[in-house]
Protein chains: 2
Amino acid sequence: MGTEQTTEEKILAAAEEVFLQSGFDGARMQEIANKAEINKAMLHYYFRSKDLLFERIFEEKARYFFPEVNEIFAQENSFEQKIHSFIEKYIHFINQHPYIPIFIITTINRKGQEVFIDKLPLKASLAQNLFTSYFKDFQEGKVAEINPLQLALSVIGMCVFPYLGRPILNHVFKIQGDEFFELMEARIQEVQLYVSKILKVD
Amino acid sequence: MGTEQTTEEKILAAAEEVFLQSGFDGARMQEIANKAEINKAMLHYYFRSKDLLFERIFEEKARYFFPEVNEIFAQENSFEQKIHSFIEKYIHFINQHPYIPIFIITTINRKGQEVFIDKLPLKASLAQNLFTSYFKDFQEGKVAEINPLQLALSVIGMCVFPYLGRPILNHVFKIQGDEFFELMEARIQEVQLYVSKILKVD
DNA sequence: TTTTGGTTTAACCATTTGGTTAATGCTATG
DNA sequence: CATAGCATTAACCAAATGGTTAAACCAAAA
């Protein structure tokens, strides 16, 4: 198997692993070098500093926190359908990258580093699309009256919180191995059900 | 005003501030000493090491992440009423301690430090109470059929996520100052409404 | 073969960091 | 007043850490 990986690729892979697991403050350049099986000086040769290497990794991973949701809201579906699609795609996606949420959340909450928020791929159009889509369906009497911002916060919270509180969840419910991901897989339908009930007109 | 504070109290106050804002890895003993306006050696005189000082702070704050919810579930209310009480009390409480969630979440997700989960005041009875309370009302036909574990995860996620994603929220919706807390205050009713709809029998 | 240019390494460096020590200060008790 | 004992401080220490440097390596071009 062609395990040919350039030095740069080896560094990026190792840096990703270490930064995702330990965050900026907890990460050590030496650990990255060891994991990449290269000399520590190479890290600076290729990326100059810890800050720059971290930025590189963050920018690469930030896209994953809010993956292609724009296309979901660009479709010609009902508001409810759009939320349902989001839930399914989002949980499926994060299941493949379960450490992204805690990495992003800790980074953007790091004091003095609010800079990183600007690096998140947050399009103003997203919130706009959400609101217009909701009000369209609301005026047609297809959804109940709720606050779309609060609903969005709720949906994201319901999807993402389990990944953040995973150690607690594992501990309290003695979850182990793939059981967590099965729980999240089952969660898709459950959260979709909740949203349907929330949006149902009386 | 009697500002008489023992050295130990000054240290604890400063340590709390620094650890909550920076986490264990990002915190510096010197910064704590400066903030407490004492000599760095005093930190070790009173608490021996950074680890022990951190543990002390964590144990003190951990109780705040799951405040007195046991009493809520011990009451003679309906399941729905209990969830409603939880939402109100929880958001009110965290509004007074908005940095607790990110502090707890980052700490328990720190690699090699899963020890801290044991320090969380998680009573097995809590989950137990939740389930029995749900099934009682379910058998009486008072609530719809849902998965109580998934609902619990959802309620906690809806309550706590905004505090974790607050920098994003502030950024996207140009929220500033107390507006965030007003949003959370309004959120109580909204989330309660969602739960009512979720639990409503058809 | 020689040279040229990027790549890699070992050794090194300055600073930071958690932690220690020995001396000093201070207060209460005999 | 003396002194015993805790509180406090300045100075110090060893290890860790991000970063640098100069020499060595190595493949491709001349």
Side-chain angles (χ1 to χ4, degrees), chain A residues 2-61 103 106-107 110-113 115-116 119, chain B residues 2-61 103 106-107 110-113 115-116 119:
Chain A
T3 176
E4 321 94 23
Q5 221 182 356
T6 68
T7 303
E8 194 173 335
E9 288 167 342
K10 283 197 280 185
I11 293 176
L12 285 173
E16 177 181 324
E17 204 176 320
V18 173
F19 279 134
L20 280 231
Q21 204 172 83
S22 307
F24 181 86
D25 292 325
R28 295 288 162 256
M29 293 297 266
Q30 189 60 60
E31 193 188 344
I32 296 175
N34 292 343
K35 195 152 279 181
E37 294 180 301
I38 46 116
N39 187 291
K40 181 162 68 83
M42 299 295 277
L43 298 179
H44 297 94
Y45 179 75
Y46 280 94
F47 298 97
R48 289 223 356 238
S49 71
K50 186 183 181 185
D51 287 81
L52 286 173
L53 179 55
F54 182 81
E55 277 181 42
R56 172 66 182 272
I57 299 293
F58 183 84
E59 283 173 27
E60 216 174 291
K61 295 299 149 192
F103 174 67
T106 54
T107 301
R110 224 171 94 229
K111 78 158 175 185
Q113 296 300 333
V115 203
F116 285 102
K119 299 186 188 297
Chain B
T3 174
E4 319 95 22
Q5 219 181 358
T6 68
T7 303
E8 194 172 336
E9 288 168 340
K10 283 197 278 184
I11 293 176
L12 285 173
E16 177 182 325
E17 203 177 320
V18 173
F19 279 135
L20 281 231
Q21 203 172 86
S22 306
F24 181 85
D25 292 324
R28 295 289 162 254
M29 294 296 266
Q30 190 60 59
E31 193 188 343
I32 295 175
N34 292 344
K35 197 151 278 179
E37 293 179 299
I38 46 115
N39 187 292
K40 182 162 67 82
M42 298 295 278
L43 299 179
H44 297 95
Y45 180 75
Y46 280 95
F47 298 96
R48 287 218 5 231
S49 70
K50 186 183 181 183
D51 287 80
L52 286 174
L53 180 54
F54 182 80
E55 276 181 43
R56 172 67 182 272
I57 299 294
F58 183 84
E59 282 172 30
E60 215 174 291
K61 294 300 150 192
F103 174 67
T106 53
T107 301
R110 226 171 92 228
K111 76 157 176 186
Q113 297 300 332
V115 203
F116 285 102
K119 298 186 188 296

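We name chains A, B, ... by the order of the sequence lines, and we start the count at 1 in each one. Note that the structure is a prediction, hence the values are computed from the model and not measured.
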In Å and rounded to the nearest 0.5 Å, what is the [atom1] to [atom2] distance from [X] to [Y]?
| X | Y | atom1 | atom2 | answer |
| --- | --- | --- | --- | --- |
| L12(B) | T6(B) | CG | OG1 | 8.0 Å |
| T106(B) | F24(B) | OG1 | CZ | 12.0 Å |
| I11(A) | E9(A) | CD1 | CD | 10.5 Å |

Side chain to side chain contact (heavy atoms under 4.5 Å, CB included) between Y46(A) and L53(A), intermediate numbers included: CA-CA 9 Å; Y46(A) 280 94; L53(A) 179 55; over 6 Å; no
Does the side chain of Y45(A) reach to within under 4.5 Å of the side chain of N39(A), using non-hydrogen atoms? no
Kindly indicate whether the side chain of E55(A), heavy atoms from C-beta on, has any atom under 4.5 Å from the side chain of F47(A). no
Report yes if at least one side-chain N or O of T7(B) is closer than 4.0 Å to OP1 or OP2 of dT8(D); otherwise report no. yes
With nearest nucleotides of DNA chain C determined for K40(A) and Y46(A) from heavy-atom distances, which residue corresponds to the more 5′ nucleotide?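 Here Y46(A) is the residue nearer the 5' end.
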What is the distance from OH of Y45(B) to P of dT9(D), rounded to the nearest Å?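 Value for this atom pair: 12 Å.
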In whole angstroms, how far is the P atom of dG19(D) from the CZ atom of F47(A)? 14 Å
Pick one: which of K61(B), K10(B), K35(B) meets salt bridge (Lys or Arg N to Asp or Glu O under 4.0 Å) with E17(B)?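 Single salt bridge (Lys or Arg N to Asp or Glu O under 4.0 Å) partner of E17(B) among K61(B), K10(B), K35(B): K35(B).
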Leading and trailing nucleotides of DNA chain C with any atom under 4.0 Å from heavy atoms of chain A: dG6(C) to dA10(C)
Any pair counted as salt bridge (charged side-chain N to carboxylate O under 4.0 Å, His left out), so long as it reaches residues 18-30 of chain A, sequence neighbours left out: D25(A)-R110(A)
Sorted by number, the residues of residues 10-39 of chain A with heavy-atom contact under 4.0 Å to DNA chain D: A27(A), R28(A), M29(A)
